[in-house]
Amino acid sequence: MMAEELTQDALFEQGMARLAELLGPSWQIDRRPDGKEMHRSGGDIIVTLRAEGEGSYGQLLIDVKPAGVSPRMVEESLLAKLDLLRQLNQYTTLLVLTPWLSRQAQRLLRKHDISYLDLMGNVSLRIPRPAIVIYTEGATRAPQALATEPNRSTLAGPKAGRLVRLLTDVRPPYRAGELAQASRLSPGYVSRLLDTLEDQLLIRRDGRVITFVDWPNLLRTRAEREVLLRKGSYVGLLAPNGIPSAVSRIRNLPPSGLSNIAVTGTHAAHTVAPLSTGGQLMVYVSPLLDEDDLVDELGLIPVDENADVLLLRARDRSVFERTETVEGIPHVALSQVALDCLAGPGRMPAEGEAVIEYMKGHQSLWQVSGIQDLLTMPQL
């Protein structure tokens with residue numbers, strides 16, 4: 001069902017069905033009748049939870065949100081509702097019910113001890129009496145019906161990725177116009193995306209000046225919108241003499257070749273956060289470089305399965321911006337490493353988190369000190 005078609009009543013019924021499945025058949029869920037008492041509580045719907053043979057029961061104040069919940073909504077309205085509820089009845093638990101919650105919204109709700117349930121399998125419920133604790137993780141990406149909003153920019157797509165990289169790599173303060181100039185994006189697009197990021201509490205502004213960027217969660221939220229290994233976005237190859245031999249050959253490429261490639265993924269992550277050994281060698285390749293010639297120079301063999309080298313087709317030139325040379329080989333910037341790992345398969349998201357932890361502790365080593373410093377750098 002599309003988000004705009006999901007009424008409050010339909011969402012409530014589906015949500016209670018999910019809750020009943022989680023609690024099991026020994027629990028009874030009852031909705032209190034509508035009335036003045038319910039409206040004075042400041043919530044949408046009150047339900048009670050009672051187990052068979054138990055005299056005590058739990059009570060939920062369910063805030064039904066068919067249109068979704070943004071982090072800014074949590075901060076500006078739900079916290080006030082929670083405060084009022086605690087003054088009226090400390091034994092009633094506030095639960096937000098919505099079609100889907102972003103990871104950022106979930107983190108913020110848990111931080112403030114607000115329970116939630118969405119229809120994509122993300123649940124956090126804590127009731128002190130009777131003791132109920134439920135936590136499940138579901139979809140990390142919004143369903144297609146919820147992925148876009150009219151007249152709002154989202155964090156999906158190459159242009160958004162370019163601005164996310166810029167906001168991460170450059171220390172604020174700066175203005176939208178400066179970001180548009182540095183990213184070579186239109187001022188209108190930048191302004192709309194900044195509005196979205198402010199709604200997600202990923203940036204803070206003082207007037208028109210961006211004063212704070214929550215870059216770790218910005219990277220995580222961007223990665224929720226991306227899939228690193230999309231169909232047709234890479235070429236799988238086998239290194240017959242092993243990955244170390246392929247790396248050695250990359251190091252010996254002519255300058256024209258090295259300037260159009262950059263290592264990412266697990267091998268790039270290992271330079272700052274060596275969680276494990278092995279993994280595929282992932283290399284971005286610029287459209288300016290002939291893939292077939294590169295495959296021949298590296299002595300690689302195209303394969304359909306069990307590839308140990310992946311040549312990634314860059315969707316945007318920004319993946320090559322602010323690269324670092326590591327032992328003679330270009331690596332993408334740490335912000336791009338983190339993004340790619342978080343959006344990758346298998347153990348790669350854990351490697352992305354490890355890269356972010358390194359970045360937190362070494363911010364002065366990788367972050368550009370100011371937007372003016374970046375604007376004076378040579379453009380790719």
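Only heavy atoms go into these numbers, but all of them, side chains included; no hydrogens, no water, no symmetry mates.
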Inset, instruction - State the CD1-CG distance between Ile250 and Leu281, to the nearest 0.5 angstrom. - result: 5.0 Å

Inset, instruction - State which residues pass side chain to side chain donor-acceptor pair (under 3.5 Å) with Arg251; sequence neighbours excluded, sorted by chain then number. - result: none

Inset, instruction - Assess whether side chain to side chain contact (heavy atoms under 4.5 Å, CB included) is satisfied between Leu109 and Leu78, documenting all intermediate values. - result: CA-CA 9 Å; Leu109 289 167; Leu78 289 175; 4.0 Å; yes

Between side-chain atoms of residues 228-239 and protein atoms elsewhere (two or more places apart, or another chain), which donor-acceptor pairs fall under 3.5 Å?
from: Arg230; atom 1: NH1; to: Val227; atom 2: O; distance (Å): 3.2
from: Ser233; atom 1: OG; to: Arg230; atom 2: N; distance (Å): 3.0
from: Ser233; atom 1: OG; to: Arg230; atom 2: O; distance (Å): 2.5

Inset, instruction - Using a strict cut-off of less than 4.0 Å between a Lys/Arg side-chain nitrogen and an Asp/Glu carboxylate oxygen, indicate whether Arg162 and Glu321 qualify as a salt bridge. - result: no

Inset, instruction - Output yes when a side-chain donor or acceptor of Thr325 lies under 3.5 Å from a complementary backbone atom of Gly328, and no otherwise. - result: no

Inset, instruction - Could you tell me whether the side chains of Thr266 and Glu351 share a donor-acceptor contact shorter than 3.5 Å? - result: yes

Inset, instruction - Apply ring pair (Phe, Tyr, Trp, His ring centres under 6.0 Å) to His362 and list each qualifying residue two or more places apart in sequence or on a separate chain. - result: Tyr358

Inset, instruction - Please identify each residue that fulfils side chain to side chain donor-acceptor pair (under 3.5 Å) with Ser286, with sequence neighbours left out. - result: Asn260, Arg317

Inset, instruction - Go through the side-chain N and O atoms of Asp308 and Gln280 and say whether any donor and acceptor fall under 3.5 Å apart. - result: no

Legend entry - Given Thr93, Leu22, Leu49, the one that forms side-chain contact (heavy atoms from CB on, under 4.5 Å) with Ile132: Leu49

Inset, instruction - Give a yes or no answer on whether the side chain of Gln106 reaches the backbone of Leu101 with a donor-acceptor pair at less than 3.5 Å. - result: yes

Legend entry - Check: Ser248 main-chain N/O paired with Asn252 side-chain donor or acceptor under 3.5 Å: yes

Legend entry - Pairs flagged by salt bridge (charged side-chain N to carboxylate O under 4.0 Å, His left out) wherever residues 211-220 is involved - sequence neighbours left out: Arg220-Glu353

Legend entry - Donor-acceptor contact below 3.5 Å, side chain Ser191 vs main chain Gly188: no

Inset, instruction - Evaluate side chain to side chain contact (heavy atoms under 4.5 Å, CB included) for Val74 paired with Val69, printing each intermediate quantity in order. - result: CA-CA 7 Å; Val74 175; Val69 176; 3.8 Å; yes

Legend entry - Distance-only polar pair, side chains of Asp316 and Ser318, donor-acceptor under 3.5 Å: yes

Legend entry - Sidechain-backbone polar pair: His331 side chain, Thr323 backbone, donor-acceptor under 3.5 Å: no

Legend entry - Approximate separation, where rounding is to 0.5 Å, of Glu226 CD and Leu342 CG: 11.5 Å

Legend entry - Inter- and intrachain pairs under salt bridge (charged side-chain N to carboxylate O under 4.0 Å, His left out), touching residues 103-132, at least two apart: none

Legend entry - Contact list for residues 357-367, test salt bridge (charged side-chain N to carboxylate O under 4.0 Å, His left out), sequence neighbours left out: Glu357-Lys360

Inset, instruction - Return each pair, listed once, that meets ring pair (Phe, Tyr, Trp, His ring centres under 6.0 Å) where at least one residue sits in residues 192-227; pairs must be two or more places apart or across chains. - result: Trp215-Trp366

Legend entry - Ionic contact status for Glu13 with Arg18, cut-off 4.0 Å: no

Legend entry - Qualifying residues under salt bridge (Lys or Arg N to Asp or Glu O under 4.0 Å), relative to Lys65, sequence neighbours excluded: Asp63

Inset, instruction - Would you check, one step at a time, whether the test side-chain hydrogen bond (donor to acceptor under 3.5 Å, both in side chains) holds for Asp30 with Tyr57? - result: CA-CA 11 Å; Asp30 294 313; Tyr57 64 90; over 6 Å; no

Inset, instruction - Answer yes or no: is there a donor N or O on one side and an acceptor on the other, between the side chain of Asp290 and the main chain of Asp293, under 3.5 Å? - result: yes

Inset, instruction - State the CG-CD1 distance between Leu23 and Ile29, to the nearest 0.5 angstrom. - result: 5.5 Å

Legend entry - Listed once per pair and sorted, the side-chain hydrogen bond (donor to acceptor under 3.5 Å, both in side chains) pairs that draw on residues 164-178, sequence neighbours left out: Arg165-Asp169, Arg165-Ser335, Arg165-Gln336, Asp169-Arg322, Asp169-Ser335, Arg171-Gln367, Glu178-Gln372

Inset, instruction - Starting at OH of Tyr135, measure out to OG of Ser115 and round the result to the nearest 0.5 Å. - result: 12.5 Å

Inset, instruction - Could you list the residues that satisfy side chain to side chain donor-acceptor pair (under 3.5 Å) with Gln87, not counting sequence neighbours? - result: Asp83

Inset, instruction - Could you please spell out the steps behind the side chain to side chain contact (heavy atoms under 4.5 Å, CB included) verdict for Asn122 and Thr136? - result: CA-CA 6 Å; Asn122 298 296; Thr136 66; 5.8 Å; no

Inset, instruction - List in chain and number order the residues that pass side chain to side chain contact (heavy atoms under 4.5 Å, CB included) with Glu198, two or more places apart in sequence or in another chain; answer none if no residue qualifies. - result: Arg72, Ile203, Arg205

Legend entry - Candidate pair Leu253 and Ile261, rule side chain to side chain contact (heavy atoms under 4.5 Å, CB included), full reasoning: CA-CA 10 Å; Leu253 287 173; Ile261 66 169; 3.7 Å; yes

Legend entry - Gln59 versus Thr48, side-chain donor and acceptor atoms under 3.5 Å: no

Legend entry - Nearest heavy-atom neighbours spanning Leu201 and Leu108: CD1-CD2, 3.6 Å

Legend entry - Any side-chain donor near an acceptor of the partner, Asn217 and Thr221, under 3.5 Å: no

